[in-house]
Amino acid sequence: SRELFVLTYGALVAQLCKEYEKDEDVNACLDRMGYSIGTRLIDDFLARSAVKKCRSYSETADMIAQVAFKMYLGITPSVSCSSATGNEFSLILDKNPLVDFVEELPAERASLSYCNLLCGVIRGALEMVHLAAEVTFLQDRLKGDAVTEIGITFLRKPEDRKHRRN
Amino acid sequence: MAVCIAVIAKENYPLYIRSIPTENELKFHYTVHTSLDVVDEKISAMGKALVDQRELYLGLLYPTEDYKVYGYVTNSKVKFVMVVDSSNTALRDNEIRSMFRKLHNSYTDIMCNPFYNPGDRIHSRAFDTMVNSMMMQVC
């Protein structure tokens, strides 16, 4: 049923392109949809994977790459930490099943982030575990880059549980 | 090998047409157009028979002194027409069949592209590369 999922996602993006003139609007719409999926998916993920609480941002990023992506898309991106402060990470996808049938973006949609839904999903899921993050595409194979890279920037420290019990 | 390959839609207009000696393009377009009649004749002759792999491949449509024309029709009535040089007698039936199978596979890949609307002309680079590989094999 992987093909059905990929074809459905493709039809979704194509339909959004017909409805919105600007690429930014389509990207924003995909991000919102992803966010809504992510806030619901996180519970399913935590229930099925039964992972322990992550102690650091890098553990969280590893968890997303190795467990979540594997579970839902069947791929394992590699994680790299791209900042000294330790709150910026990037996931490098060498294989992206969502773009299996898409050869290249049409000429009039040069700045479309085809997989922007994934960014929204990650953002929504992290927010439900009280981790605010910004997720964007740093590189995209459909736009001519060598690999597809998703950047996750954690915005503030997770609230310390002890301080909340007054 | 093949000197001209064409993909014709259900409504009998070309979705993709490519020929190797680019000077005689019009002659090949005309040949492909006339071969469509033979294709239609073969399809109607099949009637309501079971459509299996053997009957997708129509075989030699008609030979002329310079070249032979082969046809293949998909279940969605999209036709592939291939014109081969007659001087190349080494070409066997299964080779033609495998070329049509490759064409059919590339065509289904194009159909799966969400940005392609069925009925549009085919502008895919992967399809072009595959067709080139079939046409250049003799050189």
Side-chain angles (χ1 to χ4, degrees), chain A residues 1-27 29-31 33-34 37 73-74 95-120 137 140-146 148, chain B residues 2 5-11 13-20 51-53 56 72-80 82 98-137:
Chain A
S1 68
R2 171 67 52 80
E3 279 194 6
L4 179 62
F5 172 58
V6 175
L7 287 172
T8 308
Y9 186 73
L12 175 78
V13 178
Q15 185 61 34
L16 283 177
C17 287
K18 282 193 200 124
E19 289 175 7
Y20 293 105
E21 285 270 334
K22 296 210 240 160
D23 295 342
E24 297 78 41
D25 291 336
V26 181
N27 291 344
C29 199
L30 283 172
D31 191 68
M33 284 195 251
I37 295 177
L73 286 176
K95 204 167 62 95
N96 188 353
L98 287 178
V99 304
D100 266 347
F101 298 124
V102 183
E103 222 179 274
E104 54 183 10
L105 293 174
E108 64 273 8
R109 293 274 167 201
S111 52
L112 176 69
S113 290
Y114 188 81
C115 299
N116 220 29
L117 195 97
L118 292 181
C119 293
F137 270 94
D140 195 346
R141 232 196 213 128
L142 282 181
K143 295 187 186 154
D145 298 316
T148 306
Chain B
I5 292 185
V7 180
I8 320 274
K10 188 169 63 161
E11 291 84 7
Y13 62 85
L15 293 174
Y16 184 86
I17 185 159
R18 189 86 169 284
S19 37
I20 265 285
V51 194
D52 59 343
Q53 177 70 14
L56 292 178
Y72 181 99
V73 68
T74 67
N75 294 44
S76 48
K77 297 288 179 279
V78 171
K79 305 152 186 100
F80 298 114
M82 196 186 308
S98 71
M99 280 160 83
F100 273 127
R101 223 185 337 255
K102 273 200 293 193
L103 267 175
H104 195 174
N105 288 340
S106 299
Y107 177 71
T108 43
D109 284 337
I110 291 182
M111 286 302 267
C112 289
N113 185 343
F115 295 114
Y116 173 76
N117 301 313
D120 285 351
R121 302 215 60 159
I122 295 178
H123 290 294
S124 147
R125 258 183 305 176
F127 196 75
D128 282 337
T129 328
M130 195 250 350
V131 168
N132 277 339
S133 73
M134 281 207 263
M135 299 220 258
M136 298 286 196
Q137 268 163 306

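Numbered from 1 within each chain, the chains take letters A, B, ... in sequence-line order. What you see is a predicted model; the values in this text were computed from it and never measured.
Atom CG of Asn113(B) and atom CG of Leu7(A) lie 10.5 Å apart (nearest 0.5 Å).
A donor-acceptor distance shorter than 3.5 angstrom exists from the side chain of Glu103(A) to the backbone of Arg125(B), with no hydrogens or angles considered.
Residue Glu21(A) qualifies as open at atom CD: its count of foreign heavy atoms under 6.0 Å is 12 or below.
Among all heavy-atom pairs drawn from Phe115(B) and Ala14(A), the shortest one is CE2-CA, 4.4 Å. The minimum heavy-atom distance between Pro114(B) and Tyr114(A), with the atom names listed, is CG-OH, 3.4 Å.
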